[in-house]
Amino acid sequence: MRCGTSIFICEKRILGFSDTCQSRGLEPNVIKMSATSEELDLEAERDNFDAKISELLNQHERVGNFCINDNLAVFLYQEALMSGYKVPEQVAIVGFDGSAKLGELGITTIRQDVNTICNVCCSNLLSMIHKSKVYDASQTIPVSLIKRKTT
């Protein structure tokens, strides 16, 4: 899988999603897309998406989609609407990052605290440059759910 951020981060997001589903007794069904999220033209993914969503809707009344980034959430939202699916009644969509574009479209997203992430990174970088001890290289920064019309 490739995405706009590092492969490591993409895989960690997928693992977090899968672990959360399993902890709630749900079996995750991961659709991996071959295109990068920067490619706004994801034509090659349309058939794959429609076939997979149709298959899942034959098994379930509603299908929830967690996207590893907001670009993919926009793509899935547009594809769902063009394919005639009712959002969120049939297809629910959640992105990850918290970009302004999702607010305009009304797509639910998991927002990262970018300011805190930048502050921690800069602080750690300055500590490394000055050869002092890095305060906390593995700090976890909380995220928040921004619920909108796609869930």
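Because the structure is predicted, anything quoted here is derived from the model rather than measured.
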J.: Consider only side-chain heavy atoms of I, L, V, M, F, W and Y, link residues closer than 4.5 Å, and tell whether Val87 and Phe75 are in one cluster.
T.: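 Looking at the clustering, Phe75 is in the same group as Val87.
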J.: Ignoring hydrogens, what is the shortest heavy-atom contact between Cys10 and Ile68? Give both atom names and the distance.
T.: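 So the two residues come closest at SG-CD1, 3.7 Å.
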J.: Using 0.5 Å steps for rounding, measure from the CG atom of Leu56 to the CD atom of Gln59.
T.: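 Spacing of CG (Leu56) from CD (Gln59) equals 5.5 Å.
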J.: Checking Ser123 side chain against Asn119 main chain: does a donor-acceptor pair fall under 3.5 Å?
T.: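 Not confirmed, Ser123 side chain does not pair with Asn119 backbone.
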J.: Does a side-chain heavy-atom distance below 4.5 Å link Lys101 with Asn71?
T.: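 Side chain of Lys101 against side chain of Asn71, heavy atoms only: no contact under 4.5 Å found.
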J.: Does any non-hydrogen side-chain atom of Asn65 lie less than 4.5 Å from one of Val91?
T.: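 Of all side-chain heavy-atom pairs linking Asn65 with Val91, at least one is under 4.5 Å.
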J.: Mind checking whether Phe96 and Phe66 have parallel, tilted or perpendicular rings, split at 30° and 60°?
T.: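 Because their plane-to-plane angle is over 60°, the rings of Phe96 and Phe66 count as perpendicular.
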J.: When you look at CD of Glu89, are more than 12 heavy atoms from neighbouring residues, nucleotides or ligands closer to it than 6.0 Å?
T.: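 Yes, CD of Glu89 has more than 12 neighbouring heavy atoms, counting only those of other groups under 6.0 Å.
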J.: I want to check something: taking the side chain as every heavy atom from C-beta on, are Lys149 and Pro88 in contact at a cut-off of under 4.5 Å?
T.: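 Answer no - side chains too far apart.
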J.: Is it the case that the side chain of Arg62 and the backbone of Leu57 share a donor-acceptor pair, with hydrogens and angles ignored and the cut-off at 3.5 Å?
T.: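 Between the backbone of Leu57 and the side chain of Arg62 there is no qualifying donor-acceptor contact (under 3.5 Å).
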J.: So which atom in Asp70 and which in Gly98 form the shortest heavy-atom distance, rounded to 0.1 Å?
T.: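 Taking every non-hydrogen atom into account, OD2-N, 2.8 Å.
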J.: Hydrophobic clustering (ILVMFWY, side-chain heavy atoms < 4.5 Å, transitive) - are Phe17 and Leu26 grouped together?
T.: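 Different clusters.
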J.: Let me check something: do Ile117 and Leu126 share a hydrophobic cluster, defined by ILVMFWY side-chain heavy atoms less than 4.5 Å apart, either directly or through other members?
T.: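 They do not share one cluster, since no chain of ILVMFWY contacts under 4.5 Å joins Ile117 to Leu126.
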J.: Please assess Asp97 against Arg13 for the test salt bridge (Lys or Arg N to Asp or Glu O under 4.0 Å), listing each intermediate value before the final yes or no.
T.: CA-CA 11 Å; Asp97 285 331; Arg13 289 178 185 177; 3.4 Å; yes
J.: With side-chain hydrogen bond (donor to acceptor under 3.5 Å, both in side chains) as the test, would you mind laying out the steps for Thr108 and Tyr77 before giving the verdict?
T.: CA-CA 10 Å; Thr108 298; Tyr77 179 64; over 6 Å; no
J.: Should Val114 and Ile146 be counted in the same cluster of Ile, Leu, Val, Met, Phe, Trp and Tyr side chains packed under 4.5 Å apart?
T.: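 No, separate clusters.
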J.: Between the main-chain N or O of Lys86 and the side-chain N or O of Gln90, is there a donor-acceptor pair closer than 3.5 Å?
T.: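 The answer is yes, because a donor-acceptor pair under 3.5 Å joins these two groups.
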J.: Taking all heavy atoms of Gly106 and all of Arg148, pick out the closest pair and write down the distance.
T.: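 Heavy atoms of Gly106 and Arg148 come nearest at O-CB, 3.1 Å.
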J.: In terms of hydrophobic clustering (I, L, V, M, F, W, Y; side-chain heavy atoms under 4.5 Å; direct or indirect links), are Leu72 and Leu145 co-clustered?
T.: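 In one cluster with Leu72: Leu145, yes.
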J.: Between Ile93 and Thr151, which heavy-atom pair has the shortest distance, and what is it?
T.: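 The answer is O-CG2, 3.6 Å.
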J.: Does the side chain of Leu76 reach to within under 4.5 Å of the side chain of Val74, using non-hydrogen atoms?
T.: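 Answer no - side chains too far apart.
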J.: Just by modelled atom types, is the Thr20 backbone N or O under 3.5 Å from a matching donor or acceptor in the Ser23 side chain?
T.: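 Side chain of Ser23 to backbone of Thr20: a pair is present.
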J.: How close do Leu102 and Gly95 get, heavy atom to heavy atom, and via which atoms?
T.: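 Looking at all heavy atoms of both residues, the shortest contact is CD2-CA, 4.3 Å.
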J.: Give, for atom CG of Leu125 and atom SG of Cys118, the distance between the pair rounded to the nearest 0.5 Å.
T.: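 Reported to 0.5 Å precision, the distance equals 12.0 Å.
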J.: Under 4.5 Å between any side-chain heavy atoms of Thr109 and Val94, yes or no?
T.: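 Counting from C-beta outward, Thr109 and Val94 never come under 4.5 Å.
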